[in-house]
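All values derive from a computational prediction rather than experimental measurement.
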Amino acid sequence: MHLAGTFARADMDLNAVREVSLTINATHLFVYFIPEAPEEAAKLGVTEYAPAYFAFRSAPMGAVPWQVTLAAFYNFSPRSVQAMAGVWDTATPEEWQAARFAAVDRALQRVGVSLTADQIAEARSLIDPVVASADYAGKTMAAANASIPLPADPLVALWQQITVVREWRGDAHVTVLAANDLGPCDCNVLQTATGHFPEAIARATRLWDDEEVAAATTRLVARGWLNADGTATDAGIAAREQIEVETDEHCAALWRPIGDADVRRLTSLIMPIHDAFTAARTYPFRVEM
């Protein structure tokens, strides 16, 4: 079933919801590409990217087994997430979280994000009510991130609040994907076929093998969303956009506490974070805005 219309739009402009969602994602994203993250992971005794990635991102959930992380992350293959087995033996989730904040702090200072103390405070005055009043039912990653103490540095604390909202939309997106019968491998294949994520990065990080990708492609061809050669059809492009619209519908109520004008104000306030990391050549692809 499609979820369009299931969630109240909460009297929000869905264009504003989409804009802030893209900006929230873009201002959170640098943590996965900065050199400071593997440096901090190495201090904890982990030098491989995959286990460090999963430990950093799932630390707010506590010392959960890798299967729980797999369930929360949705679009990764079991073989990719299994790489994190044993990370809680090298350091506690609290130590991993502290290391993540240290990496973020160092990176923000390195690229010179141009937010004044007043701008950071204003951004917090807008995003804090959103985090405080959000409904976390079914939002595993968002709830976990909302539960941890904020760091002392104001800019890093703002980034963590951004992370909560970013993970909230991700959790909502998983709900929409599942409701539309789009499984973990299938959503990756559709995402890359429609040009929203580089295929090389998806294959290298999600670790779906050729047989699994071929099976997902066959299922999407049967739905009319892909051509036999794996390219997206017009129907597939429309279906992918409809999933984003349904996610926006789900997210509209999240932003009700501050309304359209303040949503757009928050978008403009935090944009310099993304701009600074883009100028520092942080990303190996163009970040969708």
Side-chain angles (χ1 to χ4, degrees), residues 10-37 40 56-57 60 97-136 139 141-170 248 251-283 287-289:
D11 301 319
M12 293 295 300
D13 180 348
L14 290 187
N15 288 324
V17 173
R18 177 71 64 88
E19 290 163 10
V20 75
S21 296
L22 289 171
T23 305
I24 287 284
N25 185 65
T27 52
H28 165 86
L29 190 64
F30 68 84
V31 71
Y32 306 116
F33 297 95
I34 53 174
E36 290 84 358
E40 293 295 333
F56 277 137
R57 192 172 166 208
Q97 186 62 60
R100 193 185 208 202
F101 285 153
V104 168
D105 189 12
R106 291 173 53 205
L108 289 167
Q109 292 185 49
R110 172 173 56 83
V111 302
V113 173
S114 59
L115 283 181
T116 66
D118 287 346
Q119 289 171 326
I120 294 171
E122 184 183 356
R124 284 291 302 276
S125 75
L126 298 174
I127 200 169
D128 284 3
V130 173
V131 172
S133 62
D135 180 357
Y136 291 99
K139 306 297 187 297
M141 288 299 297
N145 274 277
S147 73
I148 62 174
L150 291 174
D153 182 86
L155 185 53
V156 182
L158 171 60
W159 178 84
Q160 178 58 21
Q161 295 292 72
I162 287 170
T163 297
V164 173
V165 180
R166 189 259 194 179
E167 296 289 16
W168 201 101
R169 190 181 197 278
D248 293 338
C251 292
L254 177 67
W255 297 103
R256 177 186 276 172
I258 62 173
D260 293 335
D262 281 344
V263 162
R264 290 196 163 95
R265 176 59 179 162
L266 176 64
T267 301
S268 66
L269 280 169
I270 65 175
M271 184 66 79
I273 300 174
H274 168 67
D275 292 343
F277 282 98
T278 299
R281 301 182 183 276
T282 303
Y283 307 108
V287 177
E288 187 172 4
M289 295 298 297

So which heavy atom on [X] is nearest to which on [Y], and how close?
| X | Y | answer |
| --- | --- | --- |
| Gln161 | Leu150 | OE1-CD2, 3.7 Å |
| Ser114 | Pro272 | OG-CB, 4.0 Å |
| Val17 | Ala252 | CG2-CA, 4.1 Å |
| Val111 | Ala280 | CG1-CB, 3.7 Å |
| Gln97 | Gln160 | NE2-OE1, 4.3 Å |
| Ala134 | Leu254 | CB-CD1, 3.6 Å |

Within the 4.5 Å heavy-atom criterion, are [X] and [Y] side-chain neighbours or not?
| X | Y | answer |
| --- | --- | --- |
| Leu266 | Val130 | no |
| Leu158 | Leu115 | yes |
| Ile273 | Ile162 | yes |
| Phe277 | Ile34 | yes |

Residues that [X] engages under side chain to side chain contact (heavy atoms under 4.5 Å, CB included), provided they are two or more places apart:
| X | result |
| --- | --- |
| Thr116 | Asp118, Gln119 |
| Asp275 | Met271 |
| Thr278 | His274, Tyr283 |
| Ala102 | Glu40 |

Run the side chain to side chain contact (heavy atoms under 4.5 Å, CB included) check on Tyr32 and Thr282 step by step: do they pass?
CA-CA 10 Å; Tyr32 306 116; Thr282 303; over 6 Å; no
Tell me, which pairs form a salt bridge (charged side-chain N to carboxylate O under 4.0 Å, His left out) where one or both residues lie in residues 15-30, sequence neighbours left out?
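Matches after skipping sequence neighbours: Arg18-Glu241, Arg18-Asp248, Glu19-Arg264.
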Tell me the salt bridge (charged side-chain N to carboxylate O under 4.0 Å, His left out) pairs involving residues 150-167, sequence neighbours left out?
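Qualifying pairs: Arg57-Glu167.
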Can you tell me how far the CG atom of Asp262 sits from the OG1 atom of Thr267, to the nearest 0.5 Å?
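Answer for the CG-OG1 pair, Asp262 versus Thr267, is 10.5 Å.
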Distance in Å, Arg124 CZ paired with Ile270 CD1, rounded so as to fall on 0.5 Å steps:
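Nearest 0.5 Å value for the CZ-CD1 distance: 13.0 Å.
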Answer yes or no: is there a donor N or O on one side and an acceptor on the other, between the side chain of [X] and the main chain of [Y], under 3.5 Å?
| X | Y | result |
| --- | --- | --- |
| Asp260 | Asp13 | yes |
| Trp168 | Asp135 | yes |
| Ser125 | Glu122 | yes |
| Asn145 | Met141 | yes |

Side chain to side chain contact (heavy atoms under 4.5 Å, CB included) evaluation trace for Arg169 with Ile24
CA-CA 10 Å; Arg169 190 181 197 278; Ile24 287 284; over 6 Å; no
Evaluate the side chain to side chain contact (heavy atoms under 4.5 Å, CB included) criterion for residues Phe101 and Trp159: first the C-alpha distance (whole Å), next the side-chain angles of each, then the deciding distance (0.1 Å), finally the verdict.
CA-CA 9 Å; Phe101 285 153; Trp159 178 84; 4.2 Å; yes
Carefully, step by step, assess Val104 and Phe30 under the rule side chain to side chain contact (heavy atoms under 4.5 Å, CB included).
CA-CA 8 Å; Val104 168; Phe30 68 84; 3.8 Å; yes
